[in-house]
Amino acid sequence: QGGIKPKPKMKPPKNAPPENDDEADFVDLQQLLRSHNKKVHTSQTFKPHTVRDVRLWEKRTSKIYAQLGKEDRRKADEEIKCFKGR
C-alpha cells in the first residue's frame with residue numbers, strides 16, 4: 001500500500017538546545033567536567049628525581065626530604081638538580 005513513509009529521525013546539530021532536562025543536565029555536567037580537567041590536567045614541567053638521587057641528597061645534607069616544607073622542598077629540588085648535573 002503506497003502510503004506516506006515517515007521521515008527517519010535525524011540527530012539534532014551539536015549546538016541545538018537539549019530536548020529535555022536530563023539531556024540539559026548531562027550537557028552541563030560535560031561542560032563542567034571539561035573545564036575542571038583543563039585546570040587539573042596541565043602539562044607536567046617538573047620531572048621528579050629518582051629515589052637514589054633523593055637518598056644521596058639526604059645523606060649529604062643530613063635532612064629528610066619527606067619532612068621538608070614547600071619552600072625547603074623547592075630548594076632541595078634545585079640542589080638535587082644541580083647535584084645530578086655534575
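Hydrogens, waters and symmetry mates are skipped; everything else that's a heavy atom, side chains included, is used.
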What distance separates [X] [atom1] from [Y] [atom2], expressed to the nearest 0.5 Å?
X   : Y   : atom1 : atom2 : result
E58 : L68 : CD    : CG    : 8.0 Å
L29 : D25 : CG    : CG    : 8.5 Å
L33 : D28 : CG    : CG    : 12.5 Å
R60 : I80 : CZ    : CD1   : 8.5 Å

Q. What residues, two or more places apart in sequence or in another chain, satisfy salt bridge (Lys or Arg N to Asp or Glu O under 4.0 Å) together with E79?
A.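 By the salt bridge (Lys or Arg N to Asp or Glu O under 4.0 Å) rule, E79 matches no residue at all.
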Q. Quick one: salt bridge (Lys or Arg N to Asp or Glu O under 4.0 Å) partners of R73, sequence neighbours excluded?
A. none
Q.
I'd like to check the side chain to side chain contact (heavy atoms under 4.5 Å, CB included) partners of T50; sequence neighbours left out, ordered by chain and number.
A.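 In terms of side chain to side chain contact (heavy atoms under 4.5 Å, CB included), with neighbours along the sequence ignored, T50 is linked to R52, D53.
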Q | Counterpart residues, side chain to side chain contact (heavy atoms under 4.5 Å, CB included), relative to Q67 (two or more places apart) | A | I64
Q | Non-hydrogen atoms of K63 and W57 that approach each other most closely | A | CB-CH2, 3.7 Å
Q.
Test of understanding: with side chain to side chain donor-acceptor pair (under 3.5 Å), list the residues that count as partners of E71, not counting sequence neighbours.
A. R74
Q | Counterpart residues, side chain to side chain donor-acceptor pair (under 3.5 Å), relative to S62 (two or more places apart) | A |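 With sequence neighbours excluded, S62 shows a side chain to side chain donor-acceptor pair (under 3.5 Å) to no residue whatsoever.
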(Q) Under the criterion side-chain contact (heavy atoms from CB on, under 4.5 Å), I'd like the reasoning laid out for V51 against Y65: C-alpha separation, chi angles, the key distance, then a yes or no. (A) CA-CA 10 Å; V51 173; Y65 186 84; over 6 Å; no
